[in-house]
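Remarks on the structure that follows.
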Amino acid sequence: MCHLVQKYNVPGPRYTSYPTVPYWDIESFSGKQWKNSVLRAYKESVEEGISLYIHLPYCESMCTFCGCHKRITKRHEVELPYIQSVLKEWQLYCDILGSKPIIKEIHLGGGTPTFFSPEHLRMLVKGILRLGSKAEHPEFSFEGHPNNTTKAHLQALFDVGFRRVCLGVQDYNLTVQKAINRIQPFENVKKVTEWAREIGYTSVGHDIIYGLPFQTLKDVKQTVTMTNALKPDRIAFYSYAHVPWMKGNGQRGYKESDLPTSEVKKQQYELGKNMLTEFGYKDVGMDHFALPTDSLFHAMENGTLHRNFMGYTPSKTQLMIGLGVSSIGDSWYGFAQNVKSIEEYQHLVAHGVIPIFRGHVLNEEDEIIRRHILNLMCRFETAWEMEETQTIDFERIIENLTELELDGLVDIGTNQIKVTPKGRPFIRNISMAFDLKLHRKKPETRLFSMTV
């Protein structure tokens, strides 16, 4: 397996969308296109309900591992105006929908959602629900920073329907924590995890990262061991992305030589994955692990697992609306992203404008390819009908997968592809075979390294 990890260690998209963001348009994409797309999706799925991703961008300090859109400040007077802007944007969308939507999913991401006070978070969610109605079994979740998530935060969100919290842990070694500017004792994580369970949260997740500056194999082993001691229901085991050229992410505070080598990083992944498996966690799609008692694992087992810009979710909605600065919406027929400046966002919303700045309308090929990649990501198999071959060059896709089949990662049938258990860690490479836009733009793209 180590040989395969090395061989298939090539950069590739995470496929929370298809087409991926680099193929979206700024110049020709219009607010009218997006509104029509939203309304079409809503009418087709009224009974299914909708999902809301709400981006809360403020943080009190810069975590240098983070590539998310955020604003660093200690001025908490920014909370109320921002919430008022989000609720105004939500009103603009409800005006488009024309009826009271069923809200199936809400996810509060950031930034640091728990930068906001419990009272303001409660105000936000109640304002959202005032214009909609809760689904019978809603999936409401939020991201919590263990250093500032209080019992009051947990209780306030529990009271308005939240049952899942995800805590950003990253790594427990102090040297690593100092490098990424995230000093966070185990006791803080333990305290918030226990509070959540005491209050009644049914799923507590921990995010941990490998490939961080100064991180060793010993550190990964320690972090996974300590994480298991708290037995979170879900674990996201992410790879650190070093992108110091991106504006404002703080990654210039350490050098490339401070990072684990590619070989050590591969070993960190294998070690963490094997330990999580030994501790009873099940591999649920890319980077995600869950206990057999968690709804994410049940969804994988019964075929309802879904993937969108919120990551993996236990069930799907056709329409996901993104609220807040930089948020992304998804109607299946199109994607749209909000502007990234808080000031511009608030100005546009105040003037009654849906604050998008780029997006993409899917054509027939896009929709077919997207469905197949989603099937692979969530169910590890996909099949196509004969009429699809008139639009999609499946011969090219199968040719792209030849080497992966030889390595035992996929089984290729007449009109279907199944990912083998051995192939699951390489689901990103397998999905790349279907990414015809990528192969057209970069014909030299390979799913594996030629140097191994």
Side-chain angles (χ1 to χ4, degrees), residues 52-87 105-129 139-171 177 180-209 227 230 232-234 236 238 310-311 323-327 342:
L52 297 176
Y53 171 77
I54 305 174
H55 192 75
L56 302 174
Y58 297 107
C59 300
E60 286 199 344
S61 61
M62 171 80 77
C63 299
T64 58
F65 66 88
C66 177
C68 300
H69 296 289
K70 65 268 184 186
R71 175 72 61 85
I72 308 302
T73 183
K74 294 185 183 295
R75 295 175 51 243
H76 285 266
E77 58 266 30
V78 299
E79 294 182 28
L80 183 57
Y82 186 82
I83 285 175
Q84 290 170 335
S85 294
V86 170
L87 292 177
E105 289 184 307
I106 296 177
H107 183 72
L108 307 181
T112 305
T114 46
F115 171 96
F116 289 75
S117 71
E119 294 73 25
H120 281 147
L121 290 176
R122 187 188 294 111
M123 177 193 301
L124 170 65
V125 178
K126 283 189 172 182
I128 295 291
L129 295 177
E139 283 272 337
F140 294 177
S141 59
F142 75 98
E143 297 166 13
H145 191 318
N147 285 356
N148 67 14
T149 300
T150 65
K151 197 169 186 179
H153 280 110
L154 292 161
Q155 188 65 60
L157 289 171
F158 183 87
D159 291 343
V160 290
F162 283 67
R163 296 296 181 268
R164 188 168 78 81
V165 57
C166 181
L167 303 176
V169 173
Q170 324 324 339
D171 188 278
Q177 289 184 352
I180 63 175
N181 197 34
R182 181 77 170 228
I183 309 297
Q184 180 169 275
F186 174 78
E187 289 70 24
N188 291 5
V189 182
K190 181 175 184 289
K191 180 171 58 179
V192 179
T193 299
E194 290 175 348
W195 279 341
R197 287 176 171 150
E198 178 186 325
I199 289 169
Y201 281 76
T202 54
S203 182
V204 179
H206 288 187
D207 288 355
I208 55 180
I209 297 180
T227 299
L230 299 178
D233 303 275
R234 301 180 190 180
Y238 291 123
M310 296 188 287
L323 301 175
V325 66
S326 81
S327 284
I342 294 174

Exercise for review: Starting at CD1 of Ile342, measure out to NZ of Lys70 and round the result to the nearest 0.5 Å.
Suggested key: 12.0 Å
**Study point:** N/O donor-acceptor pair under 3.5 Å between Glu143 side chain and Thr112 backbone
**Key:** no
Point to revise | Donor-acceptor contact present, side-chain Asn181 to main-chain Met62, <3.5 Å | key: yes
Check your understanding: Is there a side-chain contact between Leu154 and Thr149, using heavy atoms and a 4.5 Å cut-off?
Key -> yes
Point to revise | Worked verdict on Leu108 versus Leu157 for side chain to side chain contact (heavy atoms under 4.5 Å, CB included) | key: CA-CA 10 Å; Leu108 307 181; Leu157 289 171; 4.1 Å; yes
Check your understanding: Parallel, tilted or perpendicular: which describes the rings of Tyr201 and Phe158, with under 30° parallel and over 60° perpendicular?
Key -> tilted
Review point. How long is the gap from CD on Gln155 to CD1 on Ile199, to the nearest 0.5 Å?
Key: 4.5 Å
Study note, to complete from the structure: Closest heavy-atom pair, Ala196 versus Val165, reported as atoms and distance to 0.1 Å, is CB-CG1, 4.0 Å
Review point. Taking atom OG of Ser85 and atom CG of Leu323, what is their separation to the nearest 0.5 Å?
Key: 11.5 Å
Point to revise | Which atom of Cys68 lies closest to which atom of Gly110, heavy atoms considered | key: CB-O, 3.6 Å
Check your understanding: Is the backbone N or O of Gly111 less than 3.5 Å from a side-chain atom of His69, with the two atoms forming a donor-acceptor pair by type?
Key -> no
Point to revise | Whether Gln184 side chain and Val169 backbone form a donor-acceptor pair below 3.5 Å | key: yes
Practice item. Determine the minimum heavy-atom distance between Arg182 and Pro146, stating which atoms define it. Key: NH2-CD, 3.8 Å
Check your understanding: Do Phe115 and Leu56 come within less than 4.5 Å of each other through their side chains, counting heavy atoms only?
Key -> no
Exercise for review: Give the ring-plane orientation class for Tyr58 versus Tyr82, where under 30° counts as parallel, over 60° as perpendicular and anything between as tilted.
Suggested key: perpendicular
Review point. Would you call Val125 and Phe162 a side-chain contact if the rule is heavy atoms closer than 4.5 Å?
Key: yes
Check your understanding: How many angstroms lie between CG in Leu121 and CD1 in Ile83, if you round to the nearest 0.5 Å?
Key -> 6.0 Å
Practice item. Fit a plane to each ring of His107 and Tyr53, take the angle between them on a 0 to 90° scale, and name the class: parallel (under 30°), tilted (30 to 60°) or perpendicular (over 60°). Key: parallel
Exercise for review: Check whether any side-chain heavy atom of Ile72 sits under 4.5 Å from a side-chain heavy atom of Cys59, and report yes or no.
Suggested key: yes
Practice item. Please test Asp207 against Leu167 for side chain to side chain contact (heavy atoms under 4.5 Å, CB included), starting from the C-alpha separation and ending with a verdict. Key: CA-CA 6 Å; Asp207 288 355; Leu167 303 176; over 6 Å; no
Exercise for review: Tell me, with the steps shown, if His76 and His120 meet side chain to side chain contact (heavy atoms under 4.5 Å, CB included).
Suggested key: CA-CA 11 Å; His76 285 266; His120 281 147; over 6 Å; no
Check your understanding: Going by heavy atoms in the side chains, are Ile128 and Val160 under 4.5 Å from each other?
Key -> no
Point to revise | Interatomic spacing from OG1 in Thr227 to NE2 in His206 - rounded to 0.5 Å | key: 7.0 Å
Study note, to complete from the structure: Looking only at heavy atoms, the pair that brings Arg234 and Ser203 closest together is NE-OG, 3.4 Å
Point to revise | With Phe116, the side chain to side chain contact (heavy atoms under 4.5 Å, CB included) member among His153, Arg122, Met123, Glu79 | key: Glu79
Practice item. Report yes if some heavy atom in the side chain of Thr150 is under 4.5 Å from a heavy atom in the side chain of Pro118; otherwise report no. Key: yes
Point to revise | Approximate separation, where rounding is to 0.5 Å, of Asn147 CG and Asn188 CG | key: 5.0 Å
Point to revise | Heavy-atom check, side chain of Glu60 versus side chain of His145, under 4.5 Å | key: no
Review point. Going through the distances and angles, do Arg197 and Asp233 end up as a side chain to side chain contact (heavy atoms under 4.5 Å, CB included)?
Key: CA-CA 11 Å; Arg197 287 176 171 150; Asp233 303 275; 3.9 Å; yes
